[in-house]
Structure formats: C-alpha cells, structure tokens
Amino acid sequence: MAKCIVHFLDEDLQDGKKDGVRTDTHLVRDFEHVRRSDGSLVGGKNSSLGEMIRALSAKGVTVPPGFATTSHAYWHYIDTNEIRKNLAELIADWESGKAHLAETGQAVRKLFIRGTWPPDTEAAIRAAYRRLSAKVGVENLSVAVRSSATAEDLPDASFAGQQESYLNIVGEDALLEACRRCYASLFTDRAISYRQAKGFDHLRIALSVGVQRMVRSDAGGSGVMFSIDTETGFDKVVLINAAWGLGENIVQGTVDPDEYQVFKPLLSDGYVVPVIDKKRGDKSIKMIYGNDQTPTRNVPTSKAERAALVLSDPEILQLARWACTIETHYGCPMDMEWAKDGLTNELFIVQARPETVHSRRDATAAFKTYKISHKGRTLTTGLAVGDAAVSGRLCLIESAHEMDKFIDGCVLVTATTDPDWVPIMKRAAAIITDHGGRTSHAAIVSRELGVPAIVGTHDATYVLHSGQDVTVSCAESDQGFVYDGISEITTQTVDMSGLPASRTKVMLNLANPAAAYRWWRLPADGIGLARMEFVVTNAIQVHPMALVHFDRLQDVQAKAEIGRLTAGYEHKPEYFVDKLAHGFAALCAAVYPKPAILRMSDFKTNEYASLVGGKEFEPKEENPMIGFRGASRYYSPLYREGFALECRAIRRLREEMGFTNAVVMIPFCRTVGEAEKVLQVLADNGLRRGEHGLQVYVMCEIPSNVVLAEQFAAHFDGFSIGSNDLTQLTLGVDRDSDELADLFDEQDEAVKTLIAQVIRVARRAGCKVGICGQAPSDHPEFARFLVEAGIDSVSVIPDSFVKVKRQVMASEIGKETGMRKGDESDTYDLW
C-alpha cells in the first residue's frame, strides 16, 4: 500500500505544473480545499486535517484553520536550488557504504537549509499566511508549522515523529525559515533510517508543510488520544493522555501525563458519564511560549497543577465523542492529537492518523499469554507497553551521545527516547524509561516494533545499572514490573478457532481491573466472579471504616498514609467510592453488555485488619474463615457504614456511569433471615432488587444454602456455587491443611450431591445457577458432571477458558447423544 502511494507522484506532480502553467493553488492549498485523497499532494497529516474540516466540522469536530504547501512546491524548491542530483549522489554513497548515515543526513539537510525560495512559492506562502491571519482576525498570527510527508500516517507505516514541527512561529520571515527547516527534516538521520527499513524510495517522497493557527494550549493543556486501548487493542474504549501546556512534551515522553479511559458504547447516552478511569500524572513540566529567539520553552508546573486533572468530565466526554466520530468517518482505529485553548477553554483536534499496530491484527486469531514464575524482588514499576515478558541483561544509556555503547539484545534503560533512538530500540530485547506515558515516543515505537516496554518508572536510571540481569514483565496488568534476575517465562498460545456457542455459558473469573482488557478477545459469556477484595487491596488499600471515622483514628502512621492516598479528595469516604466504582467499571466494560457478577466484600477479619487503619475496627478471631465475614458484616453496626460505601460505589457504577450489566452477589449468607436483612440494607442504600434491572445473586458455599435452596431462591435471582468453601464445610476439611490435603476433593460424592441438588432446585424455581471454582478447569469429568446436572454457567480463570469451553461443548454433545438413546436419568438427583 505504501509503495503504491509513493509511486503515484508522477512527473506532472513533481514539476508542479498543470498545462504548463504554475498556479498558487498548485503551491499552497487552504485546508478547507484539501481532502483525504490528497495525500500525494499535501501528505498524510495535512490531507487528514483538510478531511476533518470539510467533512466533520458540521458534526461538531473543531479543527484550527490553516493551509498546506503542496508536493509541487517541494519539487519546485528542489529544482530551483538544483538539489536533486546532489541528493541522489549522497543517498547512493550511503546505501553503498561509502558514507555514514550521520554525515549523509547532515550534508543533505545543508542542501535545503542553504536554498532560496522560488519567488512564486515565497509569494504564495506569504499570501496564504496573510489570509489566515485575516480569517482569525490577528495580525501576524502565531502558527504551528508541521511537516507532512507524502508517505506517512499510512496503516502500515506511521512515520510518527520522523520530521520536525515548529511551534509559536510569528511573522512571514519566521514562517519561511520554519518551512525551509521542515523540508530539511525530511532527511533527519531517523527519517532516512525509517524509510530505508520500510522500503520507501527517498527520491520519490515529497514533503508538504502544514501551517495551522496555534491553539493557546500553552495557557491550557494538550495531549494525545486513541480510539482503542493502545496495549490490548480493546475497541470499546477511548484512551486520552493530557498534560499542561503545549503537546510536544507528551509526544517526546518528557512528562508523565494524566490518563483517562472512556467507554464508547455508552457515550450516546447523555444521562451517564462513562469515564472508566482517571489517573493523575505528575506533569512536572509544561511547554509554554518563549521569545523571538526561542519560540517555546519548558518551565516547572506549580504544585496545584500537578495535583489537578487537566480535563473535566465534560471535556473528557467531548473529546471521546469526537474520537468516535473521527473513527467512524475514517473506518479504522485512530491516533489523534488535541489541544485546549487556555484563554477561551475551547477544545480542538490538531492531528488525526490511522492507528498502526492493533488495527492490523486479526482479533479472532490466536494470541499468546505469558506467565512468570520464580520472580525476583521488584526493582521498579511503570506503565506496561505490550503484553509480553522477557529476561535479559540491562544496558543503561544516559544520552543519545552514548548510543554506540548499546549491546544488541540487551534491555535498554534510559530517561526518555526520541526518534533518534529508533536504531537501537530495534535491537533491544525490551525498553525501560524514566519518563513518558502510553502515547510517548518510546511507547509508540515499542508497539510498532513489537518490543515490550515499561515507561514512566521515574527511577529506572537511578535504581538499575548496566550488566544487571532482570526480567521485564508487561504480561500481568497495565502496570509493568522489572524483577531482579532471570525468571522462568512460559508462553501459551490461545487458539479460539472452532469455538461455537454452547448452551452452558462459560464465563470468566476476573479480579484485576488493570488486566481485564487483555481478555476481550475471548468469546466469554460475561464475568461469573469479580472479587471486590482485589480492588480494595490494590487500588484502595484503606479500611472503609477508617475513612468514615478518620478523625477518631489513633494510629498516627495510618492517618498519614491515608492522607497521602486520599490527596485530592475533599471527603475521604469519596476516595473509597470513586476508586471502587472505577475499578469495577473496567471489569464491566470488558464484557458489556454481558453480565458482570460483582461479589461484595468477603474479607476475613484478619484480612480487613491488614488494610491501612483496619486494626482499630476489627475484632480478633481464632477462626476467621467461619467468623465475622460476608453477609453478617453488612447489617452489623461494626461495618454497616463501610458497606454503605460499597453500595454507593455500585450505584455510581450502574446509575451514573451506565454499567447496568453489573450484578450484585452476596457472599457467605448463612440463613434466610440474614438474606432478608442484607436485602433490606441494600434497599436502604438505594440498591433495591428489581429496580433499574438490578439482579442480586447469592453465593452457594454453605450447606445451609443447599438445604434451604428453595427459600433462598425466593430472595435472590441466582446462585453462584463456591465449590472450595462448600467442599471445606461439607467435608469438614481445612483446604490449607497439608495433613488433610488428600481429603479435600471437590469431586467427592457428598459435594457433587449437594451441587446437583442446588442446580435442580434453582432450575425449578427459575433461578440462574452457576459455579465459579477451579474444578472445571482441572478436571474434564467435573465439567461433564456439571453439564449433565443442567448448570447454567461455568466461570473459570482466563487461561483455562478455551480448554473448559471445549470440555463443555463435548459434554453437551455427549448429553444430547445419550438423551437420543433414551438415557434421560439424572444420576445426581438424589434428594
């Protein structure tokens, strides 16, 4: 595809004439007179800007006005300055090995910098600049001057960051100089190297210069936006990065930005705010306007700017809706840049190009998963780019001047990267940087190269050293981990071919919201178990009662830690509600609109006590496993206020964020009377079963749940069999006891009899019934038993999904075959 576009530049385009007459419109085009198909005339970037102004302005997408020099103007400049022959000779010498890349690039760039403008081209640029200034109503308008090659922003080659951009350019003379430097930047070392690697002919690519009204984002903010999740390719979210000031710092990876995730399917509902996640970056610097000699400069941000989010919820939603509009128009996932004018508070899209990594993957194809065992201690963490894991030896490079010290196949460690680093990034086993977000140069190039990377560690160059053996893991969540030493890494290929629908639903057990999107390709029927404890332990870390009664805490150290964690929240309980709602939102989004069964908290007292501030609110118990846990806490004065925060989070998730696929599940509910109390407490907190489609399930993990299954069914919409606890309590065996390990068996006849009974009662009562234990994953015969007993769903860990799905399908085929032969007996219907 790329070469077809490049070879479209025929001689008529190269000499810039039509019928032998050169015209201004052949040299300069206003954006409103450019369309997407004009890539050979004004390059990918500029043709996309014109396309959006022409086609999407009416749909509310705002793009700053501007104009572009054409490929005619580029070739005219080359011919006027007799560059073509010298350029060909210099490139030929480099390709034959007679010259180094650096000296070749420098020599070619000098040809452009020392050139003079053809009078007609200079006049056309000056006239277009004056028209643009008049249109905006500002004399000598401040503009952004960006390079747009005729072979860039293609589906298989982004050319991101290969040419230069110049910001806050004021005046005609400064504009002409910036345009000349843009021409020269077509032959930076990195651009030459990239084109060579992609197979593009250096002598048949032209460069257009885009001149666009500067948005006063120096006084506001700016960032990058993708219409899919950049790491997993999950196509139902918009990812937005944001920082204060001009946007170059985000692209260069010199600032750690805010990150927002928005759920696309709910954006059309004006009554909900489907912002799945908001992470506050440190945003330590910002780029602002400078002076005539230095148009831009970086300055430190204030403490208030670092503590605040760059965008409000309405602004996040507006950008996300624009992302969807742009994606729909182009028909493919998109990579966009945006800016917010700090003087007018207006938002603008300033660039849009096709996303070049996940958009080319087959979502239905097999994919690899990675597992790391024998992990060393964690040395540092950051944002994971990609989903792989590798082990190797570190090579720390302080600056670009030391790149010749890099050893092929090592793990590259550096503060940040720019396009000059691409040659050694290609040779790295993995990449680790101090700075940058998911849309930084290091992240973008790593994805395109297929190299795992961890960006934004803050301290990698401080805590790591050359020659150190490490394991780099991007396979565990959206957080990347650097472990000391060489770990054991095993891979598994998940092949989803030949997986038709089954009557018995196969769902997923998911706990970590940060890893939920990794499994979106699995054709799962929803989430059968999402444990609240994981979100509380990892994302919240604080005992909810310590937030409700913060002022009465006696533990000084705990109060200080809570103060740090809840910074930015005026009311400390809001911290719990907000974090829990957003954590569950990611899980619900991964399977929407299929159900996500969210289990309310089921910590034991000793586990609750280990949370920050928890010791002052928990009794000490000899046997927490069958103590003050699950349903008994929700109506108890010792925890009722904490449970109210859990309910507030679920209400926010369903009613404010729009995830009505969330199903509430109550764990360890011992008696029917307790069930009634819990349902009342839920209702008191705005979660009334049946209202707004709310379903409430109960865990079936105590023999009393089976014995009184019919009575429990009258109070709940479904049962979820917890086979581990049910086995433990049925057989009287501590599942953690080494001495009794041989007795703990989920396939024991007594356990299977109870399971079969609750399935039968549930089906008779019209109540859903599923299982969320490990047994179906480990034992095919157990899955067969469940199918024969008539269970509605089986929920398993993602790694076991395909295996269990095939077991379920085989069991259903066997059951149908047996029934056709007249065997309709129910072996386990013994009650």
Side-chain angles (χ1 to χ4, degrees), residues 1 31 34-39 44-64 152-160 222-242 247 250-251 259-270 272-277 311 314-339 347-364 438-439 443-444 447-448 517 520-521 586 589-590 592-593 658:
M1 178 180 178
F31 283 154
V34 172
R35 64 185 65 195
R36 186 182 180 186
S37 57
D38 289 329
K45 187 180 288 110
N46 290 334
S47 63
S48 184
L49 287 170
E51 178 75 13
M52 288 190 292
I53 289 175
R54 287 169 57 96
L56 300 181
S57 294
K59 296 183 179 181
V61 178
T62 307
V63 180
E152 71 171 5
D153 294 351
L154 305 175
D156 56 351
S158 69
F159 286 81
S222 54
V224 179
M225 174 168 64
F226 284 82
S227 64
I228 59 173
D229 179 59
T230 54
E231 305 319 314
T232 65
F234 182 47
D235 58 2
K236 290 186 173 64
V237 295
V238 173
L239 176 73
I240 304 172
N241 276 185
I250 285 187
V251 176
E259 180 176 295
Y260 318 118
Q261 292 180 18
V262 186
F263 190 58
K264 288 154 64 173
L266 294 175
L267 275 170
S268 59
D269 186 340
V272 298
V273 181
V275 180
I276 298 173
D277 195 19
L311 295 174
E315 290 168 336
I316 294 170
L317 295 179
Q318 181 176 339
L319 286 175
R321 290 188 178 105
W322 284 356
C324 293
T325 300
I326 294 168
E327 180 183 59
T328 299
H329 179 75
Y330 281 82
C332 64
M334 297 295 289
D335 167 2
M336 295 146 282
E337 295 181 23
W338 61 270
L347 291 170
F348 296 89
I349 299 294
V350 295
Q351 282 191 45
R353 61 181 73 87
E355 191 273 341
T356 57
V357 178
H358 293 287
S359 57
R360 290 184 286 133
R361 290 185 180 175
D362 181 0
T364 64
R438 297 187 195 283
T439 54
I444 291 172
R447 282 188 210 103
E448 194 167 317
Y517 301 160
W520 72 274
R521 293 182 181 88
Y592 186 89

Would you find a donor on one side and an acceptor on the other, under 3.5 Å apart, between the side chain of [X] and the backbone of [Y]?
X    : Y    : answer
R521 : T232 : yes
K264 : S227 : yes
T328 : C324 : yes

Would you say E315 and Y260 are linked by a side-chain donor-acceptor pair, where the criterion is simply a distance under 3.5 Å?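 Their side chains do not contain a donor-acceptor pair, so the 3.5 Å distance test is not met.
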Indicate whether the side chain of R447 and that of T230 have a donor and an acceptor atom separated by less than 3.5 Å.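 Yes - a donor-acceptor pair under 3.5 Å links their side chains.
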Ring-plane angle category for F234 and W520, please: parallel below 30°, perpendicular beyond 60°, tilted otherwise.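 It falls in the tilted class, 30° to 60°.
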[X] [atom1] to [Y] [atom2] distance, which is reported to the nearest 0.5 Å:
X    : Y    : atom1 : atom2 : result
R438 : E259 : CZ    : CD    : 4.5 Å
R353 : L49  : CZ    : CG    : 9.5 Å
Y517 : L239 : OH    : CG    : 9.5 Å

R35, CZ atom: more than 12 neighbouring heavy atoms under 6.0 Å: no
Side-chain heavy atoms of [X] within contact of [Y], under 4.5 Å:
X    : Y    : result
F226 : N241 : no
V251 : V224 : yes
I349 : I326 : yes
P64  : F31  : no

